[in-house]
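In the text below, chain A, chain B and the rest are named by the order of the sequence lines, each starting its count at 1. Heavy atoms only: backbone and side chains are in, while hydrogens, waters and symmetry mates are out.
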Amino acid sequence: MPELPEVETVCRGLAPLFEGQRFARVTLRRRDLRIPFPKGLAARVQGRRIEKVYRRAKYIVVALDGGDSLIAHLGMSGRMTIVARPRPFEAHDHVIFAMEDGTEVRFNDPRRFGLLTIAPTDALDGHALFRHLGPDPLDPVFTPEWLSAQLKGRKTTIKAALLDQRLVVGVGNIYACESLYRAGISPKRKAGTVAGARAEKLVPAIQQVLREAIAAGGSSLRDHVQPSGELGYFQHAWSVYGREGEPCRCGSKKAAVKRIVQGGRSTFFCPVCQT
DNA sequence: CTTTCGTCCTGACTGC
DNA sequence: TGCAGTCAGGACGAAA
């Protein structure tokens, strides 16, 4: 799925189409994704003008006139595709946003771990989905000091901690691996021991990794299509993710990327340069 | 309180 | 070619 850079890329792709336009028609082709669509969702959205599209954590927020905001999450397999000319639906096209100019945006999600809901714009921060979220890693408040304070005393691994959205949002399995590699920190290390000097390296590592991925247009594995609607999604060159057994770029002859399972999820790292 | 684990769901891939 | 088993970018709630 989409982690922070992919969601950011989707938002940036949707914004020029959405902002200033009205939703002519919204079609829900099933009654739920991960959670049920709220009653009357389509009616609340149709005819509304879109004021702004932006990202909060891994959520896409679409602020509408009239005081409501749409909230979408892509889960593991969600995609937003821009369809300029009418064409048949594809499998798992669950929600269709038809614009006044005839363009459609289709929310497709095979695994249906995604989410679409609506809430009053002035109450978003206190919304159940947002309330517990930590700072955005690209926000100035995300500092080594802040991270250190959060990690202090934590017994879980630093890899697991980075996936905890209360600590910092937007970092998923791939970027957690890549950030730890960049910082030279072992994913098996106890989170508490990263507070201090290691956090000074980790915070900029996270920010660099994410910024580079955003600059690359958002990266993808197999099923994330660019919001432009074009097929041209590309492979990102990871340093460790998905590279089990390959020599590490650190250059040590003994350094091969290793895969372990932490909390039921794959972790890739170099046992030589990450300590 | 913190931490781990199972679960939601489909599709792609691997190996027999 | 078929089929069973495994794994996948997330996040929630239950259990320990």
Side-chain angles (χ1 to χ4, degrees), chain A residues 1-10 29-37 55-60 71-80 90-95 107-117 127-134 137 149-180 187-192 195 206 209-210 213-214 216-227 233-245 259-268:
Chain A
M1 144 204 171
E3 301 184 31
L4 183 153
E6 290 77 23
V7 178
E8 182 66 30
T9 301
V10 171
R29 303 188 66 236
R30 54 178 297 122
R31 49 190 290 279
D32 61 8
L33 286 175
R34 197 180 84 213
I35 60 173
F37 299 133
R55 179 187 60 76
R56 171 71 177 113
K58 298 175 196 169
Y59 293 92
I60 299 162
I71 304 169
H73 194 293
L74 300 175
M76 297 271 262
S77 57
R79 300 180 307 181
M80 295 285 184
E90 291 175 21
H92 316 298
D93 278 344
H94 303 310
V95 183
F107 184 2
N108 181 292
D109 184 9
R111 290 176 75 180
R112 306 208 302 271
F113 288 176
L115 168 160
L116 179 69
T117 191
H127 192 279
L129 292 171
F130 288 5
R131 208 164 29 206
H132 66 284
L133 294 176
Q150 296 299 310
L151 294 176
K152 205 160 286 180
R154 288 189 69 157
K155 301 269 192 287
T156 190
T157 63
I158 185 61
K159 163 74 183 319
L162 286 180
L163 297 178
D164 183 345
Q165 303 294 296
R166 290 169 300 189
L167 223 150
V168 61
V169 302
V171 179
N173 203 41
I174 293 178
Y175 294 105
C177 294
E178 294 293 311
S179 298
L180 288 167
K188 295 190 281 190
R189 177 174 282 285
K190 297 287 176 223
I206 292 168
V209 163
L210 295 175
I214 291 170
S219 34
S220 67
L221 291 185
R222 64 176 73 85
D223 58 5
H224 180 70
V225 177
Q226 296 297 310
Y233 63 96
F234 58 95
Q235 292 295 111
H236 192 83
W238 311 116
S239 293
V240 285
Y241 188 86
R243 292 185 178 271
E244 183 181 16
R259 185 182 90 101
I260 59 175
V261 176
Q262 295 180 293
R265 318 204 49 193
S266 288
T267 299
F268 298 86

Side chain of A:Pro110 only, please: which of C:dC12, B:dT10, C:dC7 is the nearest?
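So the side chain of A:Pro110 is nearest to B:dT10.
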For a quick test of reading the model: is some side-chain N or O of [X] closer than 4.0 Å to OP1 or OP2 of [N]?
| X | N | value |
| --- | --- | --- |
| A:His132 | C:dA11 | no |
| A:Arg265 | C:dG10 | yes |
| A:Arg154 | B:dT3 | yes |
| A:His73 | C:dG10 | no |
| A:Thr156 | B:dT4 | yes |
| A:Ser266 | C:dC7 | no |

Using a heavy-atom cut-off of 4.0 Å across all strands, would you classify A:Gly172 as base, sugar-phosphate, or nothing?
sugar-phosphate
For the pair made of [atom1] in [X] and [atom2] in [N], what is the distance, rounded to whole Å?
| X | N | atom1 | atom2 | result |
| --- | --- | --- | --- | --- |
| A:Arg111 | C:dC12 | CZ | C1' | 15 Å |
| A:Leu33 | B:dC8 | CG | P | 16 Å |
| A:Lys159 | B:dT4 | NZ | P | 12 Å |
| A:Gln262 | B:dT4 | CD | P | 10 Å |
| A:Asp164 | B:dT2 | CG | P | 10 Å |
| A:Arg166 | B:dT4 | CZ | P | 12 Å |
| A:Arg112 | B:dG11 | CZ | C1' | 13 Å |
| A:Asp32 | B:dC8 | CG | P | 14 Å |

Between A:His73 and A:Leu129, does a side-chain contact (heavy atoms from CB on, under 4.5 Å) hold up when you go through it step by step?
CA-CA 10 Å; A:His73 194 293; A:Leu129 292 171; over 6 Å; no
Using every non-hydrogen atom in the two residues, find where A:Ile260 and A:Lys188 come nearest and quote the distance to one decimal.
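Minimum heavy-atom contact is CD1-CG, 3.7 Å.
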Say you draw a straight line from CZ of A:Arg30 to CG of A:Asp93; how long is it, rounded to the nearest 0.5 Å?
12.5 Å
Quick one: on DNA chain C, does A:Phe268 or A:Gln165 contact a more 5' nucleotide (nearest heavy atom)?
A:Phe268
When A:Asp109 is tested against each of A:Arg34, A:Met76, A:His92, A:His94 for side-chain contact (heavy atoms from CB on, under 4.5 Å), which residue passes?
A:His94
Please answer whether the main-chain N or O of A:Lys159 pairs with a side-chain N or O of A:Gln262 as donor and acceptor at a distance below 3.5 Å.
no
Using purine N1 to pyrimidine N3 plus N6-O4 or O6-N4 for Watson-Crick, or N1-O2 and O6-N3 for G-U wobble, each under 3.5 Å, what pairs with C:dG5?
B:dC13
ring centroid sep under 5.5 Å plus plane angle under 30, A:Phe113 with C:dG10
yes
